[in-house]
Amino acid sequence: MDFNGITRNALSVNADVDYKTVSRYYKNEDVQNVDLNLLAKFCYCMDCDLQDIMRYIPPNKK
């Protein structure tokens with residue numbers, strides 16, 4: 001979002017997604033399950049690829 005100069009509010013309106021949901025993803029707060037349809041909307045609105053908005057962080061090995 002920062003790279004594309006789009007605000008959470010603008011993304012919320014353009015993707016037709018509740019602002020609180022966009023904000024949770026933006027802040028990485030309380031996202032237990034990833035909604036692929038939601039991520040597809042985000043990518044479409046920001047004209048980016050999935051790897052531009054997500055990254056895999058492996059769990060700590062014990």
Side-chain angles (χ1 to χ4, degrees):
M1 290 173 44
D2 296 333
F3 181 77
N4 288 336
I6 189 168
T7 64
R8 283 178 270 175
N9 189 54
L11 183 58
S12 171
V13 170
N14 291 336
D16 194 28
V17 176
D18 184 62
Y19 177 84
K20 290 179 184 179
T21 302
V22 172
S23 191
R24 275 186 321 164
Y25 275 77
Y26 181 80
K27 294 178 180 179
N28 196 25
E29 293 179 342
D30 194 35
V31 177
Q32 299 294 323
N33 296 310
V34 177
D35 183 340
L36 295 179
N37 289 324
L38 181 64
L39 294 179
K41 286 182 178 184
F42 290 166
C43 288
Y44 178 79
C45 291
M46 293 188 289
D47 191 28
C48 66
D49 294 321
L50 189 57
Q51 63 266 22
D52 295 329
I53 63 172
M54 282 187 66
R55 69 178 175 168
Y56 173 71
I57 301 173
N60 294 333
K61 294 183 181 180
K62 293 181 181 183

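Positions are given from 1, in the same order as the sequence printed here. Every value quoted in this text rests on a predicted model; they were computed, and no experiment measured them. Below, each value reflects all heavy atoms present in this structure, side chains not excepted, and no hydrogens, waters or symmetry copies.
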*Counting only heavy atoms not in Asp18, do more than 12 sit closer than 6.0 Å to its CG atom?*
yes
Considering only distance and modelled atom types, tabulate donor-acceptor pairs under 3.5 Å from the side chains of residues 40-54, sequence neighbours left out.
| from | atom 1 | to | atom 2 | distance (Å) |
| --- | --- | --- | --- | --- |
| Asp52 | OD2 | Asp49 | N | 2.9 |

When every non-hydrogen atom of Asn33 is compared with those of Tyr25, the smallest separation belongs to O-OH, 3.7 Å
Separation between OG1 (Thr21) and CG (Asp35), nearest 0.5 Å, reads 9.0 Å
dist Asn14:CG -> Asn9:CG (nearest 0.5 Å) comes out at 9.5 Å
By side-chain hydrogen bond (donor to acceptor under 3.5 Å, both in side chains), Tyr26 pairs with (sequence neighbours left out) Asp2
Determine whether Ile6 and Tyr19 fall in the same hydrophobic cluster, where Ile, Leu, Val, Met, Phe, Trp and Tyr are linked whenever their side-chain heavy atoms lie under 4.5 Å apart. no
